[in-house]
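All values derive from a computational prediction rather than experimental measurement.
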Amino acid sequence: MQRHLISAADLTRDDAVLILDTAEEMARVADRPIKKLPTLRGRTVVNLFFEDSTRTRISFEAAEKRLSADVINFTAKGSSVSKGESLKDTAQTLEAMGVDAVVIRHGASGAPYRLATSGWIDAHVINAGDGTHQHPTQALLDAFTMRRRLVGPDAGLGKDLDGRRVTLVGDILHSRVARSNVDLLHTLGAEVTLVAPPTLLPVGVETWPCEVSYDLDSTLTKSDAVMLLRVQRERMNAAFFPTEREYSRRYGLDGDRMAKMPDHAIVMHPGPMVRGMEITAEVADSGRCTVVEQVTNGVSVRMAVLYLLLGGAEPAVAHARPTEEK
């Protein structure tokens, strides 16, 4: 493992499979009565969030606490950032406190890379989402969920997603989740197709390692996993489609469309969902939808990332199964 986790594109196949296998060990810990490991005892991790978050922030905090780390939560609102303090000054303040790792979410693309390479702070940096750029732990938990559902928890150990067909639908233009998933799924051998209106596809998408389609119905019958992406109105400064009703009619997943998918195929969403827009309540509440499962798996994956960056370089078997060491 490298020193930082900034982009899903930085991970090799072996790196990604190691994280997924370690997450499988961490998931077994979650089934025990006491869900704690002593791995990061004495280490301090700061959650540095400049953007609003529910799932990611709580997921990271749960992962850190289950590994026995000392956790400091920082939000821009109510801090000196609201008084005009720069990222550099905030980072140097954290460095002076002796933190071991920083989990950062920032509205500006490239902020985690700047933090990791600037020399302002001597700590591991984990990107929890930067602008429209990357969200590597989301891509990892999505891949982990796919592997568990499509291959199996035990059968999937040591394996990638070679030959699996994944369709990403929605606001690709503003989605860091889409970029991270395309990078990681390509690394793991999956075949990725992007489906979106032309106005919600980024410039240069033809250079990405994936296919592009404007027709959702034609891709559903051959997809192993369909991931729906929220339309990110907070990042929009123009009208990218005529109406919500028009968007939902062409790119929303309802029960009739879900019925066209193969029997084994799953429906995914990184959250938060907008029911009635990209996904109907019928689909969101069906057994094929993995939204809640993704949240559960997010804790295991983030435990694995923290363990491998801060704790060790091998799968956490010894830590996950202490009773076997006799």
**Selection residues 273-299 - residue pairs positive for ring pair (Phe, Tyr, Trp, His ring centres under 6.0 Å), sequence neighbours left out** =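 The answer is none; no pair qualifies.
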**Message:** Tell me which pairs pass ring pair (Phe, Tyr, Trp, His ring centres under 6.0 Å) where either residue lies in residues 253-299, with sequence neighbours left out.
**Reply:**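 The answer is none; no pair qualifies.
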Is a side-chain N or O of [X] found less than 3.5 angstrom from the main chain of [Y], in a donor-acceptor match?
| X | Y | value |
| --- | --- | --- |
| Lys159 | Val151 | no |
| Asn181 | Val177 | yes |
| Thr56 | Ser53 | no |
| Ser286 | Val283 | yes |
| His4 | His124 | no |
| Glu278 | Val274 | yes |

**Prompt:** If you group Ile, Leu, Val, Met, Phe, Trp and Tyr by side-chain heavy-atom gaps below 4.5 Å, do Ile58 and Val299 land in one group?
**Reply:**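 Ile58 does not cluster with Val299.
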**Request:** Tell me, with the steps shown, if Arg165 and Ser223 meet side chain to side chain donor-acceptor pair (under 3.5 Å).
**Result:** CA-CA 5 Å; Arg165 292 171 294 190; Ser223 297; over 6 Å; no
**Request:** Apply the test side-chain contact (heavy atoms from CB on, under 4.5 Å) to residues Asp142 and Leu140: give CA-CA distance (whole Å), side-chain angles for both, the deciding distance (0.1 Å), then the verdict.
**Result:** CA-CA 5 Å; Asp142 291 338; Leu140 285 163; over 6 Å; no
**Item:** Neighbour count above 12 (heavy atom, 6.0 Å) for Lys88 NZ
**Value:**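 Open.
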**Message:** Take a 6.0 Å sphere around NZ of Lys35 and say whether it holds more than 12 heavy atoms from other residues, nucleotides or ligands.
**Reply:**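 Result for NZ/Lys35: enclosed.
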Are a donor atom and an acceptor atom from the side chains of [X] and [Y] found within less than 3.5 Å of each other?
| X | Y | value |
| --- | --- | --- |
| Asn297 | Thr145 | yes |
| Asn47 | Glu61 | no |
| Arg176 | Thr132 | no |
| Ser7 | Asp10 | no |

Find out whether [X] and [Y] are in side-chain contact, i.e. whether some heavy atom of one side chain is under 4.5 Å from a heavy atom of the other.
| X | Y | answer |
| --- | --- | --- |
| Leu253 | Leu220 | yes |
| Met227 | Val169 | no |
| Ile104 | Leu87 | yes |

**Sequence-distant partners of Asp52, side chain to side chain donor-acceptor pair (under 3.5 Å), two or more places apart** =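 Once residues adjacent in sequence are excluded, the partners of Asp52 under the side chain to side chain donor-acceptor pair (under 3.5 Å) criterion are Lys77.
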**Prompt:** Sequence neighbours excluded, which residues qualify as side chain to side chain donor-acceptor pair (under 3.5 Å) partners of Asp263?
**Reply:**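 Partners of Asp263 by the side chain to side chain donor-acceptor pair (under 3.5 Å) criterion come out as none, since no residue qualifies.
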**Request:** Begin from the C-alpha positions of Leu216 and Arg250 and carry the test side-chain contact (heavy atoms from CB on, under 4.5 Å) through to its verdict.
**Result:** CA-CA 7 Å; Leu216 176 58; Arg250 294 202 59 185; over 6 Å; no
If you look at every heavy atom in [X] and [Y], which pair is closest and at what distance?
| X | Y | answer |
| --- | --- | --- |
| Asp130 | Gly110 | OD2-N, 2.8 Å |
| Arg179 | Pro202 | NH2-CB, 3.7 Å |
| Ser180 | Ala8 | O-CB, 3.5 Å |
| Gly252 | Arg257 | O-NH1, 2.7 Å |
| Ala225 | Met268 | CB-SD, 4.3 Å |
| Leu168 | Ala178 | CD2-CA, 3.7 Å |

**Asked** After noting the C-alpha distance and the side-chain angles of Thr137 and Ile126, does the key distance pass the side-chain contact (heavy atoms from CB on, under 4.5 Å) rule?
**Response** CA-CA 9 Å; Thr137 57; Ile126 300 171; 4.3 Å; yes
From [atom1] ([X]) to [atom2] ([Y]), nearest 0.5 Å:
| X | Y | atom1 | atom2 | value |
| --- | --- | --- | --- | --- |
| Phe144 | Thr296 | CZ | OG1 | 10.5 Å |
| Leu228 | Ile279 | CG | CD1 | 5.0 Å |
| Thr12 | Asp15 | OG1 | CG | 3.0 Å |
| Thr90 | Ile121 | OG1 | CD1 | 10.0 Å |
| Asp14 | Ile19 | CG | CD1 | 11.0 Å |
| Glu85 | Gln92 | CD | CD | 9.5 Å |

Between [Y] and [X], does any NZ, NE, NH1 or NH2 come within less than 4.0 Å of an OD or OE carboxylate oxygen?
| X | Y | answer |
| --- | --- | --- |
| Asp160 | Arg13 | yes |
| Asp21 | Arg147 | yes |
| Asp154 | Arg28 | yes |
| Asp171 | Arg230 | no |

**Request:** Start with the C-alpha gap between Arg3 and Val125, add the side-chain angles, then the distance that decides, and say whether side-chain contact (heavy atoms from CB on, under 4.5 Å) holds.
**Result:** CA-CA 8 Å; Arg3 179 169 169 75; Val125 176; over 6 Å; no
Which donor-acceptor pairs under 3.5 Å do side chains of residues 95-103 form with protein atoms, sequence neighbours excluded?
| residue | atom | partner | partner atom | Å |
| --- | --- | --- | --- | --- |
| Glu95 | OE1 | Asp122 | N | 2.8 |
| Asp100 | OD2 | Thr44 | N | 2.8 |

**Item:** From CA spacing to verdict: salt bridge (charged side-chain N to carboxylate O under 4.0 Å, His left out), Asp217, Lys260
**Value:** CA-CA 8 Å; Asp217 293 298; Lys260 297 178 183 178; 3.1 Å; yes
**Request:** Can you sort out the partners of Tyr251 under ring pair (Phe, Tyr, Trp, His ring centres under 6.0 Å), two or more places apart, ordered by chain and number?
**Result:**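 Partners of Tyr251 under the ring pair (Phe, Tyr, Trp, His ring centres under 6.0 Å) test: Tyr247.
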**Request:** Apply ring pair (Phe, Tyr, Trp, His ring centres under 6.0 Å) to His106 and list each qualifying residue two or more places apart in sequence or on a separate chain.
**Result:**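 Phe50.
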**Item:** Pairs involving residues 279-301, ordered by first then second residue, that meet salt bridge (charged side-chain N to carboxylate O under 4.0 Å, His left out) (sequence neighbours left out)
**Value:**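 For residues 279-301, and leaving out neighbouring residues, the salt bridge (charged side-chain N to carboxylate O under 4.0 Å, His left out) pairs sorted by first residue read Arg149-Glu293, Arg275-Asp285.
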Anything under 3.5 Å between a donor and an acceptor, one on a side chain of residues 182-196, the other on a protein residue two or more places apart or in another chain? List them.
| residue | atom | partner | partner atom | Å |
| --- | --- | --- | --- | --- |
| Asp183 | OD2 | Gln134 | NE2 | 2.8 |
| Thr187 | OG1 | Asp183 | O | 2.9 |

**Request:** Could you pull out all residues at least two apart from Ser118 that satisfy side chain to side chain contact (heavy atoms under 4.5 Å, CB included)?
**Result:**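 Residues passing side chain to side chain contact (heavy atoms under 4.5 Å, CB included) with Ser118: Arg114, Trp120.
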**Prompt:** Does Arg105 make a cation-pi contact with Phe49 (under 6.0 Å, within 45 degrees of the axis)?
**Reply:**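 That pair does not qualify as a cation-pi contact.
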**Item:** Partners passing salt bridge (Lys or Arg N to Asp or Glu O under 4.0 Å) against Glu64 (at least two apart in sequence or in another chain)
**Value:**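 Scan of Glu64 (salt bridge (Lys or Arg N to Asp or Glu O under 4.0 Å), adjacent residues dropped) gives none.
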**Item:** Sequence neighbours excluded, every pair satisfying side-chain hydrogen bond (donor to acceptor under 3.5 Å, both in side chains) that has a member inside residues 204-215
**Value:**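 Qualifying pairs, neighbours excluded: Asp215-Ser218.
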